[in-house]
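Structure record follows, encoded as structure tokens.
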Amino acid sequence: MPELPEVETVRKTLKQLIQGKTIKEVVVSWAKMIKKPINVEEFSDALIGQRIEDVNRRGKFILIETTDFTLVSHLRMEGRYGLFQPIDPVDKHTHVIFYFEDGTELRYKDVRKFGTMHLFKKGEEFGSLPLSQLGPEPFGEDFTIANFTKGLSRTTRSIKTALLDQKIVVGLGNIYVDEALFRSKIHPERIANTLSSDEIERLYKEIISTLSEAVEKGGSTIRSYVNSQGQIGMFQLELYVYGRKGQECKVCGHTLERIIVGGRGTVFCPHCQK
DNA sequence: AGAGGTTCTCGGGCGC
DNA sequence: TGCGCCCGAGAACCTC
């Protein structure tokens, strides 16, 4: 499901739903998704009595800030949050429930069970995995052309693989990387350290504009994505290449092709992208 | 049937 | 030879 625009939309909606609430109890029914602490009981006990102070984001991770802790949550492919009443039937793919003192409950569900949660004492979350190795935020001050150029110059991987790595810049996944490359007219298999400064500049701008336009549209709903209030995104209507194999390029009319790059399905226009 | 929006871990290969 | 880094493959799970 989620790349930066979807995660950002979940963050905003989740914050509206849970900020200020105090946790009364936590029940985990799929222990493997709790990566820290290893002991699930310790995880649940630590959160009792904690108030939700804020909901932030770093890359594709959601950071739920409580009185004393930061819960680092990754939705991976299908993770989803929602606020429910006790009488609401519990979906069978619900793996964690946070019960609040006001009687409502935050449920995390995840059909594929790929999502993860790490609980850190406040302030310690950036010092270790999964956050410690992340590159700059695409909308942040330290994502500059100079930084971007330096990052690309150090690798001989394909540009698509380099961008998916989350070390040069965070937030791109399979949808937005294909879109940003199309909009920059760069072939996904180009070797990262062979891009011209012109191409790097185009790519830099298109990464920022593609992601920010997608945030404005509430993300892309491809198959299952909805935000924490159950609403779908609208950016799927703006996609040029992702999921459009065999269809006409919206710019030149050529047939879009699908190849595998770095193990990921990749759609591009053989005429527009060089 | 096999692919799917993600990222961590593992082991092999390379350079110093 | 040893160490460290980089890279690609595989794994984690379920649905259609």
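A, B, ... follow the sequence lines: proteins, then strands. Residue 1 opens every chain. Everything numeric here is computed off the predicted structure, so don't read it as measured data.
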- Message: I'd like to know whether CD1 of Ile38(A) has more than 12 heavy-atom contacts from other residues, nucleotides or ligands below 6.0 angstrom.
- Response: no
- Report yes if at least one side-chain N or O of His74(A) is closer than 4.0 Å to OP1 or OP2 of dT7(B); otherwise report no. yes
- How long is the line joining CD of Glu78(A) and P of dT15(C), in whole Å? 10 Å
- Message: Roughly how many Å apart are dC7(C) and dG5(B), using the C1' atom of each and rounding to a whole number?
- Response: 23 Å
- Below 4.0 angstrom from OP1 or OP2 of dG5(B), is there any side-chain N or O of Arg264(A)? yes
- Item | Phosphate contact (dT15(C) OP1 or OP2) by Lys92(A) side-chain N/O below 4.0 Å | yes
- Message: Distance check needed: dT6(B) P versus His118(A) NE2, whole Å only.
- Response: 18 Å
- Message: In this structure, how many angstroms lie between the C1' atom of dT7(B) and the CZ atom of Arg112(A), rounded?
- Response: 12 Å
- Convert the base pairs of DNA chain B into dot-bracket notation, remembering that pairs crossing earlier ones are written with [ ] and that bases paired across to another strand are shown as |; include only Watson-Crick or G-U pairs under 3.5 Å. .|||.|||||||||||
- Item | Pair Glu105(A) + Arg107(A), salt bridge at N-O below 4.0 Å | yes
- Message: Give me the distance, rounded to whole Å, that separates dT15(C) from dT7(B) when you measure between the P atoms they each carry.
- Response: 22 Å
- Message: If you only use heavy atoms from C-beta on, which nucleotide in dG5(B), dC13(C), dT7(B) is closest to the side chain of Lys113(A)?
- Response: dC13(C)
- Think Thr155(A) has a side-chain N or O under 4.0 angstrom from the OP1 or OP2 of dC7(C)? yes
- May I ask you to verify if any side-chain N or O of Lys35(A) is less than 4.0 angstrom from the OP1 or OP2 atom of dC8(B)? no
- In whole angstroms, how far is the P atom of dT9(B) from the NZ atom of Lys32(A)? 14 Å
- Between dC8(B), dG5(B), dT15(C), which nucleotide gets closest to the side-chain atoms of Arg76(A)? dC8(B)
- Base, sugar-phosphate, or nothing: which does Thr116(A) touch, judged by heavy atoms less than 4.0 Å apart? nothing
- Item | Lys60(A) side chain, from C-beta outward: closest of dC8(B), dC13(C), dT7(B) | dT7(B)
- Of all the choices, dC8(B), dC13(C), dG8(C), which nucleotide is nearest to the side chain of Trp30(A) once you look at every atom? dC13(C)
- Message: Regarding Glu6(A) and Tyr176(A), do their side chains bring together a donor and an acceptor under 3.5 Å, going by distance alone?
- Response: yes
- Query: Do the side-chain N or O atoms of His95(A) get closer than 4.0 angstrom to the phosphate oxygens (OP1, OP2) of dC13(C)?
  - Reply: no
- Query: Side chain of Phe114(A): nearest nucleotide among dT9(B), dT6(B), dC14(C)?
  - Reply: dT6(B)
- Task: Would you mind reporting whether Lys24(A) and Ile48(A) have side-chain heavy atoms less than 4.5 Å apart?
- Result: no
- Leu134(A) CG to dT7(B) C1', straight-line distance once rounded to whole Å: 10 Å
- Item | Sole candidate of Ile64(A), Thr70(A), Leu63(A) that passes side chain to side chain contact (heavy atoms under 4.5 Å, CB included) when paired with Asn56(A) | Leu63(A)
- Cation-pi check, Lys36(A) to Phe43(A): give yes when NZ or CZ is under 6.0 Å from the six-membered ring centre and within 45° of the ring axis, no otherwise. no
- Rounded to whole angstroms, how far apart are NZ on Lys109(A) and P on dT15(C)? 12 Å
- Query: When rounded to the nearest Å, what value does the distance between P atoms of dA12(C) and dA1(B) take?
  - Reply: 22 Å
- Item | From dC8(B), dC14(C), dG5(B), nucleotide with atom closest to Asn174(A) side chain | dG5(B)
- Query: Hey, are Arg51(A) and Glu65(A) close enough for a salt bridge, meaning a charged N less than 4.0 Å from a carboxylate O?
  - Reply: no
- Can you run down the salt bridge (charged side-chain N to carboxylate O under 4.0 Å, His left out) pairs that involve residues 265-274 of chain A, sequence neighbours left out, and say none if there aren't any? none
- Which of dC13(C), dC7(C), dG5(B) is nearest the side chain of Arg157(A)? It is dC7(C)
- Would one find more than 12 heavy atoms of other residues, nucleotides or ligands at under 6.0 Å from atom OH of Tyr108(A)? yes
- Message: Output the rounded distance in Å from CD1 (Ile191(A)) to P (dC6(C)).
- Response: 17 Å
- Message: In this structure, how many angstroms lie between the C1' atom of dT7(B) and the CG atom of Leu4(A), rounded?
- Response: 16 Å
- Among dT9(B), dC7(C), dT7(B), the nucleotide that comes nearest once only the side chain of Thr156(A) is considered: dC7(C)
